[in-house]
Chemist: 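For reference, the structure I am asking about is given below.
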Amino acid sequence: MENNEEVKVTAEQPEVVENAVETPKGDNKDRRGGKFDRNKKFGKRDDKRRRDDRKPRDEMESRVVSRRRVSKSVKGGDIPTFSVLVVVGDRKGKVGVGRGKSREQSEAVEKAIKNAKKNMVTIAMEGTTIPHATKGRFGTSQIILLPAKDGNGIIAGGAARAVVELAGIRDITTKLHGSSNKENCVKATLEALMSLKTLDEVNKLRGKNSNKVEEN
């Protein structure tokens, strides 16, 4: 019994360490006396830089123009799928249109973006507008594109606006005739933009010098 009591007493007494210094709460210094830097210790900044170096930034912007849910009737029932139309551009004269289909909406958008990037075209521009008036037609949709002065802005509908904005045009006036189907409108706008030509391109086709044309 005496031994048990002695053990209890010694267990309840706290150990005393000589030359012990208590560190106040909230102190940012480690036990060695140096300043504790969490980012430096765990390497978060270095990892972030590595991630930025591995994945180059994509300058292309994408916009979903139309999103439809389609169902296919089979013997076992209906199979729902999504059909997505996407416009992709870099706002510097390059634009493309693509369509993707899949049972999941996210996969359909990814397929449409890949298809649009494969079908990129370069558009002739003159400053912030187009060099001349032009027309485009697809199906029963017909669109007219007119150049505008600086500061006029984009006067266009939703489907045509997506193509014009992502192409980099900031001043333009458009007028749509016929069907307002989004897919037809987008393709008609793209056809009209592809028919644009600068003055130098026209002179090369005619075999004339641009300097002589300006003098006349």
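These values consider heavy atoms only, across backbone and side chains, with no hydrogens, waters or symmetry-generated copies. Not measured: the values here are computed from a predicted model. All residue numbers refer to positions in the sequence shown, counting from 1.
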Chemist: Got a sec, which residues hit salt bridge (charged side-chain N to carboxylate O under 4.0 Å, His left out) with Lys187, two or more places apart in sequence or on another chain?
Modeler: Glu183
Chemist: Looking at every heavy atom in both Val84 and Ala108, which two are closest together, and how far apart are they?
Modeler: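 Shortest heavy-atom contact: CG2-CB, 3.8 Å.
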Chemist: Could you list the residues that satisfy salt bridge (charged side-chain N to carboxylate O under 4.0 Å, His left out) with Lys92, not counting sequence neighbours?
Modeler: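 Partners of Lys92 under the salt bridge (charged side-chain N to carboxylate O under 4.0 Å, His left out) test: Glu59.
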Chemist: Given a cutoff of under 4.5 Å between side-chain heavy atoms of I, L, V, M, F, W and Y, with clusters grown through shared members, what are the other residues clustered with Ile144?
Modeler: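 Leu146, listed by chain and number.
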Chemist: Please check if the number of heavy atoms outside Arg68 that lie under 6.0 Å from its CZ is greater than 12.
Modeler: no
Chemist: Which ILVMFWY residues can you reach from Ile79 by hopping between side chains whose heavy atoms are under 4.5 Å apart?
Modeler: Val74
Chemist: Report the distance from atom OG1 of Thr122 to atom NZ of Lys94, rounding to the nearest 0.5 Å.
Modeler: 5.0 Å
Chemist: So, His132 side chain and Lys197 main chain: donor-acceptor pair closer than 3.5 Å or not?
Modeler: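 Flag set: sc His132 to bb Lys197 pair under 3.5 Å.
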Chemist: Do you know which two heavy atoms are closest between Ala133 and Pro147, and how far apart they sit?
Modeler: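 Between these two residues, the closest heavy atoms are N-CD, 3.7 Å.
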Chemist: Taking all non-hydrogen atoms of both residues into account, name the closest pair between Gly98 and Ala116 and its distance.
Modeler: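 Between these two residues, the closest heavy atoms are N-CB, 3.5 Å.
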Chemist: Is the backbone of Thr140 close enough, under 3.5 Å, to the side chain of Ser179 for a donor and an acceptor to pair up by distance?
Modeler: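 Absent.
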Chemist: Can you list every pair that meets salt bridge (Lys or Arg N to Asp or Glu O under 4.0 Å) and has a residue in residues 133-152, with sequence neighbours left out?
Modeler: none
Chemist: Remaining members of Ile143's ILVMFWY cluster at a side-chain heavy-atom cut-off under 4.5 Å?
Modeler: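 Besides Ile143, the hydrophobic cluster comprises Val65, Leu85, Val87, Val95, Val97, Val121, Ile123, Met125, Ile130, Leu145, Ile154, Val163, Val164, Leu166, Ile169, Ile172, Leu176, Val186, Leu190, Leu193, Met194, Leu196, listed by chain and residue number.
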Chemist: Answer yes or no: is there a donor N or O on one side and an acceptor on the other, between the side chain of Ser83 and the main chain of Lys101, under 3.5 Å?
Modeler: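 Here the side-chain-to-backbone pair does not exist.
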Chemist: Which pairs pass salt bridge (Lys or Arg N to Asp or Glu O under 4.0 Å) with one or both residues in residues 70-79, sequence neighbours excluded?
Modeler: none
Chemist: Would you please name every residue forming a salt bridge (charged side-chain N to carboxylate O under 4.0 Å, His left out) with Arg67, sequence neighbours left out?
Modeler: none
Chemist: Could you tell me the separation between the CD atom of Glu201 and the CZ atom of Arg206, rounded to the nearest 0.5 Å?
Modeler: 13.0 Å
Chemist: Of all the heavy-atom pairs spanning Gly100 and Ala112, show the shortest one and how long it is.
Modeler: N-CB, 3.5 Å
Chemist: Identify, with sequence neighbours excluded, every residue that meets side-chain hydrogen bond (donor to acceptor under 3.5 Å, both in side chains) alongside Thr128.
Modeler: Asp171
Chemist: Locate the shortest heavy-atom distance separating Ala188 from Ser141; write the atom from each residue and the value.
Modeler: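 The pair with the smallest heavy-atom distance is CB-O, 4.0 Å.
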Chemist: Would you mind listing the cluster partners of Leu205? Hydrophobic ones only (ILVMFWY), side-chain contacts under 4.5 Å, chaining allowed.
Modeler: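 For Leu205, no cluster forms, as it stays isolated from other hydrophobic side chains.
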Chemist: For Arg170, check salt bridge (charged side-chain N to carboxylate O under 4.0 Å, His left out) against everything at least two apart and list the hits.
Modeler: none
Chemist: Would you name the heavy atoms of Arg91 and Arg63 that are closest together and state the gap between them?
Modeler: NH2-NH2, 3.7 Å
Chemist: Kindly indicate, with the supporting measurements, whether the criterion side chain to side chain contact (heavy atoms under 4.5 Å, CB included) is fulfilled by Asn115 and Ile113.
Modeler: CA-CA 5 Å; Asn115 190 13; Ile113 292 173; over 6 Å; no
Chemist: If you round to the nearest 0.5 Å, how far is OG of Ser66 from NZ of Lys182?
Modeler: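 Going from NZ on Lys182 over to OG on Ser66, the span is 6.5 Å.
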Chemist: List the residues meeting side chain to side chain contact (heavy atoms under 4.5 Å, CB included) with Ser195, not counting sequence neighbours, and say none if there are none.
Modeler: Thr134
Chemist: Between CD of Glu104 and NZ of Lys111, what distance do you get to the nearest 0.5 Å?
Modeler: 10.0 Å
Chemist: Could you check if a side-chain atom of Arg103 sits within less than 4.5 angstrom of a side-chain atom of Pro80, using non-hydrogen atoms only?
Modeler: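 No - every pair of side-chain heavy atoms lies 4.5 Å or more apart.
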